[in-house]
Amino acid sequence: MKKIIPFLFFLSLPFCSRSCPIDTISYWKVYHNNVLLKNLNDYTNNSIVIKSKNYKPGDYLAIQYFDDTPCEDCKFALIVRGEGKSEIYRSEFKGENKLIKINLKNLIDFRPKTNPSTFIIYLYELEDKNKKNGQRLITVKIE
């Protein structure tokens, strides 16, 4: 019995280690034009601030989503909601790792001219039986 306890302890170490990264979580990358702003997942701060005074025509925000369980046939919808939960933008796509672009002009023009506005970007799996379970990807504040 005395030999089994140390053996079980050493056997459990790989499962208790904090140095091992979690490799089974979904993550996404956010770009402003071609510049990577953030690598995000459910455990990171998902806020991004865009200064409207720095906007140039043609600027875009792009999101590339990587699911923890790859599915090339799954259908997704990327939805941008403004304050009051109104849908500002929607893009549907099939498969993963697609780079979805959102024209920043759509967001800047939607916001009131005097106040900063906040937009929330969600990802929905279209074939999900519970359609209300969208994943909140990013909170974008336009100043």
Subject >> Residues K101, Y31; criterion side chain to side chain contact (heavy atoms under 4.5 Å, CB included); working and verdict >> reply: CA-CA 9 Å; K101 295 180 181 180; Y31 299 88; over 6 Å; no
Subject >> Value rounded to 0.5 Å, distance of CD1 in I138 from CG in L40 >> reply: 6.0 Å
Original post:
Applying the 4.5 Å side-chain criterion to the ILVMFWY set and letting contacts propagate, would F66 and F93 be lumped into a single cluster?
Top reply: no
Please output the side-chain donor-acceptor pairs of residues 45-52 that fall under 3.5 Å, not counting sequence neighbours, one pair per line with the distance.
unit_1: N45; atom_1: OD1; unit_2: S47; atom_2: N; d: 3.0
unit_1: N45; atom_1: OD1; unit_2: S47; atom_2: OG; d: 3.2
unit_1: N46; atom_1: ND2; unit_2: L137; atom_2: O; d: 3.4
unit_1: K51; atom_1: NZ; unit_2: E143; atom_2: OE1; d: 2.7
unit_1: S52; atom_1: OG; unit_2: R111; atom_2: NH2; d: 2.9
unit_1: S52; atom_1: OG; unit_2: E143; atom_2: O; d: 2.8

Original post:
Can you name the closest pair of heavy atoms from R136 and W28 and give their distance?
Top reply: O-CZ2, 4.1 Å
Subject >> Taking every non-hydrogen atom, the tightest pair across N41 and S26 >> reply: CB-O, 3.4 Å
Original post:
Of all heavy-atom pairs between Q135 and Y65, which one has the smallest distance, and what is that distance?
Top reply: OE1-OH, 2.9 Å
Original post:
How close do N54 and D59 get, heavy atom to heavy atom, and via which atoms?
Top reply: O-OD2, 4.0 Å
Original post:
Closest heavy-atom contact between I102 and L78?
Top reply: CD1-CD2, 4.0 Å
**OP:** Quick one: pull up CD1 in I100 and CG in L123 and give me the separation to the nearest 0.5 Å.
**Re:** 9.0 Å
Original post:
Hey, does the side chain of N33 reach the backbone of Y60 with a donor-acceptor pair shorter than 3.5 angstrom?
Top reply: yes
**OP:** Consider only side-chain heavy atoms of I, L, V, M, F, W and Y, link residues closer than 4.5 Å, and tell whether L99 and I79 are in one cluster.
**Re:** no
Subject >> Verdict with reasoning, I25 to Y43, per side chain to side chain contact (heavy atoms under 4.5 Å, CB included) >> reply: CA-CA 10 Å; I25 61 172; Y43 305 105; 4.2 Å; yes
Subject >> Non-neighbouring partners of R90 that pass salt bridge (charged side-chain N to carboxylate O under 4.0 Å, His left out), sequence neighbours left out >> reply: E87, E92
**OP:** Could you tell me the separation between the CG atom of L107 and the CD1 atom of I88, rounded to the nearest 0.5 Å?
**Re:** 7.5 Å
Original post:
For the atom pair OG1 (T44) and OH (Y27), what is the distance rounded to the nearest 0.5 Å?
Top reply: 13.0 Å
Original post:
Which atom names give the shortest non-hydrogen contact between I142 and F119, and what distance separates them?
Top reply: CG1-CE1, 3.6 Å
